[in-house]
There are 2 protein chains.
Amino acid sequence: MSKSSLLLTPTEQVACCSPLLKQPLGADEASRITPLLKALADPVRLRLLSLVASYADQEACVCDLNDAFDLSQPTISHHLKVLHEVGLLDRSKRGVWVYYRVRSEALADLSTLLGGVTA
Amino acid sequence: MSKSSLLLTPTEQVACCSPLLKQPLGADEASRITPLLKALADPVRLRLLSLVASYADQEACVCDLNDAFDLSQPTISHHLKVLHEVGLLDRSKRGVWVYYRVRSEALADLSTLLGGVTA
DNA sequence: ACCTGACATAGACATCTGTCAATATAGATG
DNA sequence: CATCTATATTGACAGATGTCTATGTCAGGT
């Protein structure tokens, strides 16, 4: 929260914005939101996110995720990285395994931005 | 509603799906949702959508939209087409002018899908 | 020390995407 | 009909993106 805005992940930068339909988005705002949407706009990543969420504590080991797709391990690794960099997944290494966890606030913020269902 | 599913826009195909975080998305479901997200995942289109929404009746003439961007007319036309094809914008021609209108249900559905704010 | 297994990174390649200039279409108007 | 104006379509091109193979890294076990 106290980090410089240059260091915020796209997710954190989106959190503040008012709903899409309320007022015209500025070019700068749009550019901050887009990376998040780009990260979601891929069928494999969408499934990855959803799959991770289905595990206990919304956290899954990469080894579990690899098997769920008919794709090479580096490809999955790449997609996980994209989701992580954008703030949709948290990453933690425990022993030899790496676990990714869903940051649901991220999705919630985006959801609010689109639907304007401001609580 | 009675149309064959092959003729549904991506928006209409998304409307039925349960929230992303509730259960693992199937490959087919993911492929139906992705086009919508892809359409949104561009700064110009995001601004276009937001800008159209800001007009009376959430409807704007293309001529108004062109001026708001530092892009060629064909480029704007292209982006509007993408948003239209995916079901986010309705299109109606009146005289020489073409008007695009926001289909807010589309965004609402997507918002629900992401946030799981099922009413 | 060595090997094995889990994951990431690098590099290559084909495809997709955003943009433009040029051209087409189609109403309105003289 | 000729022309102007609004919008769409086409074709070209540079840059982004998804995927793979090959390789690197790092932690445990023998």
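Residue numbers begin at 1 in each chain, while the letters A, B, ... track the order of the sequences.
- Separating the CG atom of A/L65 from the P atom of C/dA8 is a distance of 10 Å, rounded to the nearest angstrom.
- No hydrogens or angles were tested; on distance alone, nothing pairs the side chain of B/Q73 with the base of D/dA6 as donor and acceptor under 3.5 Å.
- Of the side-chain N and O atoms in A/R91, none sit less than 4.0 angstrom from OP1 or OP2 of C/dC7.
- For the pair B/L37 CG and D/dG18 C1', the interatomic distance rounds to 17 Å; values are reported in whole Å.
- Taking side-chain N and O atoms only, A/K81 has a distance below 4.0 Å to OP1 or OP2 of C/dT9.
- Among the nucleotides D/dA27, D/dT21, C/dG18, the one closest to the side chain of A/P74 is D/dT21.
- Residue B/V98 has its side chain nearest to D/dT7 when only C/dC7, D/dT7, D/dT19 are considered.
- Under a hydrophobic-cluster definition in which Ile, Leu, Val, Met, Phe, Trp and Tyr are linked whenever side-chain heavy atoms come within less than 4.5 Å, directly or via other members, B/Y99 and B/V52 are assigned to different clusters.
- In this structure, the NZ atom of B/K93 is 12 Å from the P atom of C/dT25, given to the nearest Å.
- D/dT5 atom P lies 17 Å from atom CG of B/D64, rounded to whole Å.
- Rounded to whole Å, atom C1' of D/dT19 lies 9 Å from atom NE2 of A/H78.
- Phosphate proximity of C/dA8 to A/Y100: present, with a side-chain N or O under 4.0 Å from OP1 or OP2.
- By the 4.0 Å N-to-carboxylate-O rule, A/E85 lies too far from A/R91 to be salt-bridged with it.
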Dump the intermediate steps for side-chain contact (heavy atoms from CB on, under 4.5 Å) on A/V86 and A/L40, then the final yes or no.
-> CA-CA 10 Å; A/V86 102; A/L40 281 176; over 6 Å; no
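- If you take NE2 of A/H79 and P of D/dT19, they are 4 Å apart, rounded to a whole angstrom.
- In this structure, B/R94 reaches neither bases nor backbone, as no heavy-atom distance under 4.0 Å exists between it and the strands shown.
- Summarising the local packing, CG of B/D28 is surrounded by more than 12 heavy atoms from other residues, nucleotides or ligands at distances under 6.0 Å.
- Between B/T75 and C/dG18 there is no side-chain N or O to OP1 or OP2 distance below 4.0 Å.
- In terms of phosphate contacts, B/S77 brings a side-chain nitrogen or oxygen within less than 4.0 Å of OP1 or OP2 of D/dA8.
- Contacts of B/I76 with the nucleic acid, taken as non-hydrogen atoms under 4.0 Å apart, are absent.
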